[in-house]
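Below, each value reflects all heavy atoms present in this structure, side chains not excepted, and no hydrogens, waters or symmetry copies. Throughout, a chain's letter reflects where its sequence line sits, starting with A, and its residues are numbered from 1.
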Protein chains: 2
Amino acid sequence: MGSDDTNDTTKNERKPGRMSEQRQQRIRLEISREAARLFWEQGVAATTGEQIAAAVGLSVRTLWRYFRNKESCVEPVLAQDGEEFVALLRRWPRDVSLEDHLMEWAMNRTKDPDQQAFDQAVIKMTVLAEKEPDLRTVWLMTNDRIERALVEIFADRLRRSPDDIEVRLHAAAATAVVRVISEDVSAALMAGADPTSLGNTLGQMARAVHIATGGAIGDPVDP
Amino acid sequence: MGSDDTNDTTKNERKPGRMSEQRQQRIRLEISREAARLFWEQGVAATTGEQIAAAVGLSVRTLWRYFRNKESCVEPVLAQDGEEFVALLRRWPRDVSLEDHLMEWAMNRTKDPDQQAFDQAVIKMTVLAEKEPDLRTVWLMTNDRIERALVEIFADRLRRSPDDIEVRLHAAAATAVVRVISEDVSAALMAGADPTSLGNTLGQMARAVHIATGGAIGDPVDP
DNA sequence: CGCTATATTGTCACTTAGTGACAGATTCCT
DNA sequence: AGGAATCTGTCACTAAGTGACAATATAGCG
């Protein structure tokens, strides 16, 4: 059998004609950008799937293979911050307070110039989602997914079951306050507020979560 | 200018051919019932607007005049409990605790037999809304409307502005926990749980709201 | 009751969203 | 390069939802 270097001790998920996960995501993100731009410029109702597809250089049929419907095309943009937040919470050490963990992340955060343009789209869509009902549903669904993630994270941190009603209440309340603060900050930035004048948004979130969970989430926990 | 007897000191909203608000609502409710039944029996995707229209004896065109899209046909059913809850909170006296107010209402509550059948539909849709994404968006939008109502109610009770970020945080957290408890209770009832075995659902809600708002909402307030 | 102004409904034609099927192009692995 | 599987585009199709207009129903009034 000659060489065994190709031997997969780790299960090889790679299939013949499948394109990389990364490439898929980049296409979804590209669609999302264009959809966000069009929605912002001409409104959701006035934007057709054909326009979005053309802007990205895809056939309409392929567009619907990447997204179930028109509105969810902006889901990657709207979910951007939320997913980052969830990822951040997943690596939250048990012996650190939430506020410290968020602050420490904020310090080491580097601002990619390309990312910055994308953030602009995130803010625009978050603001637009307050008025446009079709986008609001996407925004709320995004937060619903965040809530489900927080259930797992909080259950783990509190060493309780994800089915525990208290855990679910904490996750729901925490997600809700984080969402409201996000909306508030987005609206302020859209109104032209100086980002530095907003003070410590993450600190505000940490405090709000602590309060909304009755103190259950935020402090360090033992082992 | 002749007679001024038709002069309307009180603005007369009644117009010639307009049908009563009551009648409109009854039709919407009727549509909602049938939509809920069909969605439950065959799923949302498999149910067409034509079927809903036929079930209630309307033309399809008229159906779309009552509801913007297929999914929102069940909105009246899904919003039922929430609107009742909001109405209840609107007449919450300042010198009474939330728990007492809810409990007192629960005691004087009479169970209309016709209403009971409707409640069954409410429970079914609430449960269905946990799995069916298309219904989940409607459910979340319903709760979003509840949240906005709570902002006004809480602002009034705390004698603060509805724009106050703290007020909005309290409303969001409160709505979130009430929603989760509703989902939980609906699931339990659907699973065949004895309604009496659920204990005091409203008391649980009152306590959850009190905690999720950091104690800001729940206790009696002065004047 | 019958008349009138106005709202509501149904029919028809139409645009757009979204899907299934199949052929051709593309991608990864060897 | 060769092959297996996936991805994409084209075509035909169903269903969602809307605008326009004629017919019908409703409330108020004499």
Side-chain angles (χ1 to χ4, degrees), chain A residues 1-8 10-28 30-31 35 38-39 42-75 133-135 137-138, chain B residues 2-3 5-8 10-28 30-31 35 38-39 42-75 133-135 137-138:
Chain A
M1 325 288 209
S3 61
D4 58 334
D5 53 349
T6 57
N7 202 333
D8 49 339
T10 63
K11 200 159 101 190
N12 188 5
E13 298 288 4
R14 210 55 166 277
K15 293 275 186 68
R18 173 168 250 121
M19 57 192 224
S20 71
E21 201 71 26
Q22 207 178 23
R23 189 146 146 60
Q24 293 246 25
Q25 293 307 319
R26 277 195 45 234
I27 295 177
R28 283 177 62 87
E30 176 69 9
I31 294 173
L38 289 166
F39 286 173
Q42 18 173 297
V44 180
T47 302
T48 71
E50 202 170 354
Q51 288 177 320
I52 301 173
V56 174
L58 289 176
S59 76
V60 189
R61 185 61 184 89
T62 303
L63 174 64
W64 300 135
R65 277 198 263 257
Y66 276 97
F67 292 98
R68 281 192 284 300
N69 55 49
K70 197 171 67 169
E71 298 78 36
S72 60
C73 287
V74 285
E75 203 242 59
D134 291 337
L135 288 192
T137 61
V138 179
Chain B
S3 63
D5 54 348
T6 57
N7 203 331
D8 46 338
T10 64
K11 201 158 97 189
N12 188 6
E13 297 290 0
R14 209 51 169 275
K15 294 276 185 68
R18 171 167 251 123
M19 55 193 224
S20 69
E21 201 70 24
Q22 207 177 23
R23 190 148 147 57
Q24 294 245 28
Q25 293 306 320
R26 278 194 46 235
I27 295 176
R28 282 178 62 87
E30 176 68 10
I31 294 172
L38 289 166
F39 286 172
Q42 18 174 294
V44 180
T47 302
T48 71
E50 202 171 353
Q51 288 177 319
I52 301 173
V56 62
L58 289 176
S59 76
V60 189
R61 186 64 184 88
T62 303
L63 174 65
W64 300 134
R65 276 198 263 258
Y66 276 97
F67 292 98
R68 302 213 306 299
N69 54 49
K70 197 171 68 170
E71 297 79 36
S72 60
C73 286
V74 284
E75 203 243 59
D134 291 337
L135 287 192
T137 62
V138 180

Atom-to-atom span, CD of A:Glu21 to P of D:dT6 - whole angstrom: 14 Å
Atom pair distance, as rounded to whole Å: CE in B:Met19 and P in D:dG28: 14 Å
Short side-chain to backbone donor-acceptor contact, B:Ser72 and B:Glu75, under 3.5 Å: no
Whether A:Thr47 side chain and A:Gly43 backbone form a donor-acceptor pair below 3.5 Å: yes
A:Tyr66 side-chain N/O to D:dC7 phosphate OP1/OP2 under 4.0 Å: no
D:dT26 phosphate, OP1 or OP2, under 4.0 Å from B:Arg23 side-chain N/O: yes
Length of the CD-C1' vector between A:Gln22 and C:dC28, whole Å: 15 Å
Distance test, side-chain N/O of A:Gln24 to OP1/OP2 of D:dC7, below 4.0 Å: yes
Side-chain (A:Gln51) to main-chain (A:Thr48) donor-acceptor, under 3.5 angstrom: yes
Separation of C:dA17 P from A:Arg68 CZ (nearest whole Å): 17 Å
Spacing between A:Trp64 atom CH2 and D:dT10 atom C1', to the nearest angstrom: 17 Å
Distance in angstrom units between A:Asp134 CG and C:dT16 P, rounded: 16 Å
Any donor-acceptor N/O pair, A:Lys70 side chain to A:Ala35 backbone, under 3.5 Å: no
Nearest to side-chain heavy atoms of B:Arg61, which nucleotide of C:dC12, D:dC7, D:dT10: C:dC12
N or O in side chain of B:Thr62 less than 4.0 angstrom from C:dT9 OP1/OP2: no
A:Gln42, CD atom: more than 12 neighbouring heavy atoms under 6.0 Å: yes
B:Leu58 CG - D:dG17 P separation (whole Å): 16 Å
N/O donor-acceptor pair, side chain A:Arg65 with base D:dG9, under 3.5 angstrom: yes
Rounded interatomic separation in angstrom, taking CZ from B:Arg28 and C1' from C:dT9: 17 Å
